[in-house]
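Just below is one structure, and these are the notes that go with it.
Nothing here was measured: the structure is a model prediction, and the numbers come from that model.
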Amino acid sequence: MAFFGSTKRFCTKVSLLSGGFIRTYSGATGPEQMNLIKQLRQRTSAPIKDVKAALILSNWDIEEAQKELRKKGKVLASKKSSRTATEGLLALAQNHNKTALIELNCETDFVARNEIFQHLALSLAKQALSVQNYSQQVSGVFHLGPESLEETTLNLEHPKISGETTVHNAIIEVAAMMGENVKLRRGYVMPASSQGLISTYLHTCPQPGLGRIAGILSLEVDDGKTQVDAVQRVGSELAMHLVAAKPLFLTKDLVSSDALENEREILKSQAESSGKSQMAIDKMVEGRLRKYFEEVVLMEQKFIMNDTMNVKTVLDNLSKEVGSSVRIVNFLRMEVGEGIARQEADASEPVAQSA
């Protein structure tokens, strides 16, 4: 006895056994099967063998097969979630009053170059702009933990992954498609000053809004109606400076006592090995501390565009040019994978920033 289902795309032959119907084969022809494999492969980017297996299991119903792949993918993604992911991208998004920066990690640079992974990263950065429940504020920069985003609704608009879903599910789905651990590690939101602007720079940028190293700073101008073009120009150069020079503090006054004491002890130990008098040792330590400040304090660093002046002088010159005092309110420097080599990533790991 044979029964042909009218609701399926292709006719299916079944046999009656022990009071039930058992599917035995699909009526889809060879060319039709190849076309379905191709369509599902384009939709999901899953391996061909998995695509074919899902279609066979679903009796060549492409919608059911896609659901099956997603179910299987979530299982595979959960198994990969414990693997270390040190590659990835930083994604940046801005609106008129704030800038958001997130780090999305994966296991290999190959996946970081994938357009689906990049679309997810950019979507997460845009989503971060709308979040209000920041986990903490550090020096005027709001830290955005993964938990702040995971259950929010994300609208993806990529041909291979589209529609509304939660951030958590989107990451799992992309991880399944990529075959690697994909992890939202951390994010930061920097508000703009009411009388200023935020300047940004992304290094190793595969497309606008993405990069491996980011420099962001907020500039404030006493006169909000001053020459915006000049401020934007210098702001962009200073954002690039952040990436190259790796400052840790904005001013000498903001160098933490622990960092200062630690450096002083190291310099003292080095100076004592010279065998010189205590007075000479003290002078050596103070001299080397000035050098230390030039290395880690933004305002004391030599400007990468012109090493005959430091950043403080650059701002003084800009203030004279626009006829109003220009200040750096805070800054942020972030790099993909920093700190993961030392220990498995902590989402709240500190980055270079100051107020």
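Across Ala170 and Leu154, no two heavy atoms sit closer than the pair CB-CD2, 4.1 Å. Scanning all heavy atoms of the two residues, the minimum distance from Thr200 to Ala239 falls at C-CB, 3.7 Å. Across all non-hydrogen atoms, the minimal contact from Leu89 to Pro206 is CD2-CG, 4.2 Å. Closest approach of Ala100 to Ala128, counting heavy atoms only: CB-CB, 3.8 Å. The minimum heavy-atom distance between Asn105 and Arg185, with the atom names listed, is OD1-CB, 3.1 Å. In terms of heavy-atom proximity, Ala271 sits nearest to Ile281 at CB-CG2, 3.8 Å.
Once rounded to the nearest 0.5 Å, the distance linking NE2 of His119 with CG of Leu210 reads 11.5 Å. Summarising the geometry, atom CG belonging to Leu122 is positioned 5.0 Å from atom CD belonging to Gln207; distances are rounded to the nearest 0.5 Å. Here Lys302 contributes atom NZ and Thr308 contributes atom OG1; the two are 8.5 Å apart, rounded to the nearest 0.5 Å. One distance of note links OH of Tyr201 with CG of Leu92; it measures 13.0 Å at 0.5 Å rounding. Atom CD1 of residue Ile161 and atom CZ of residue Phe117 lie 12.0 Å apart, to the nearest 0.5 angstrom. To the nearest 0.5 angstrom, Leu40 atom CG is 13.5 Å from Lys52 atom NZ.
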Would you check, one step at a time, whether the test side-chain contact (heavy atoms from CB on, under 4.5 Å) holds for Asn330 with Leu217?
-> CA-CA 6 Å; Asn330 46 53; Leu217 76 159; over 6 Å; no
Could you give me the CA-CA distance, side-chain angles and deciding distance for Thr165 and Glu173, then say whether side-chain hydrogen bond (donor to acceptor under 3.5 Å, both in side chains) is met?
-> CA-CA 10 Å; Thr165 183; Glu173 189 165 347; 5.5 Å; no
Which is it for Thr108 and Glu180 under the side-chain hydrogen bond (donor to acceptor under 3.5 Å, both in side chains) test, yes or no, and what are the steps along the way?
-> CA-CA 8 Å; Thr108 65; Glu180 289 191 6; 2.5 Å; yes
Pair Gln270-Leu267, side-chain contact (heavy atoms from CB on, under 4.5 Å): steps then yes or no = CA-CA 5 Å; Gln270 293 173 346; Leu267 295 177; 3.6 Å; yes
In sequence, state the C-alpha distance, the side-chain angles, and the governing distance for Val314 and Leu318, and then conclude on side-chain contact (heavy atoms from CB on, under 4.5 Å).
-> CA-CA 6 Å; Val314 172; Leu318 176 61; 5.6 Å; no
Kindly indicate, with the supporting measurements, whether the criterion side-chain hydrogen bond (donor to acceptor under 3.5 Å, both in side chains) is fulfilled by Glu321 and Asn317.
-> CA-CA 6 Å; Glu321 179 182 348; Asn317 291 343; over 6 Å; no
For a quick test of your reading: what N or O donor-acceptor pairs under 3.5 Å do the side chains of residues 283-300 make, sequence neighbours left out?
residue : atom : partner : partner atom : Å
Glu286  : OE2  : Arg264  : NH1          : 2.8

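Comment: Lys320 does not engage Asp316 in a salt bridge, judged by the lack of any side-chain N to carboxylate O separation of less than 4.0 angstrom. With salt bridges taken as basic N to acidic carboxylate O contacts below 4.0 Å, one links Arg113 and Asp109.
Side-chain contact of Thr152 with Gln127: a donor-acceptor pair under 3.5 Å is present, judged by distance alone. Side-chain atoms of Gln118 and Asn114 include no donor-acceptor pair closer than 3.5 Å. A donor atom on one side chain and an acceptor atom on the other are found under 3.5 Å apart for Gln94 and Thr99.
Within the structure, salt bridge (charged side-chain N to carboxylate O under 4.0 Å, His left out) pairs that include any residue of residues 206-221 comprise Glu87-Arg212, Glu220-Arg327 (at least two apart or interchain).
For CE of Met309, the number of neighbouring non-hydrogen atoms (other residues, nucleotides, ligands) closer than 6.0 Å is greater than 12. No more than 12 heavy atoms of other residues, nucleotides or ligands lie within 6.0 Å of NE2 in His168, so this atom counts as exposed by the packing criterion.
Under a hydrophobic clustering in which Ile, Leu, Val, Met, Phe, Trp and Tyr are joined whenever their side-chain heavy atoms come within less than 4.5 Å, directly or via other members, Ile266 and Val255 fall into different clusters.
The side-chain contact (heavy atoms from CB on, under 4.5 Å) with His241 is formed by just one residue from the set Met305, Lys246, Gln301; it is Gln301.
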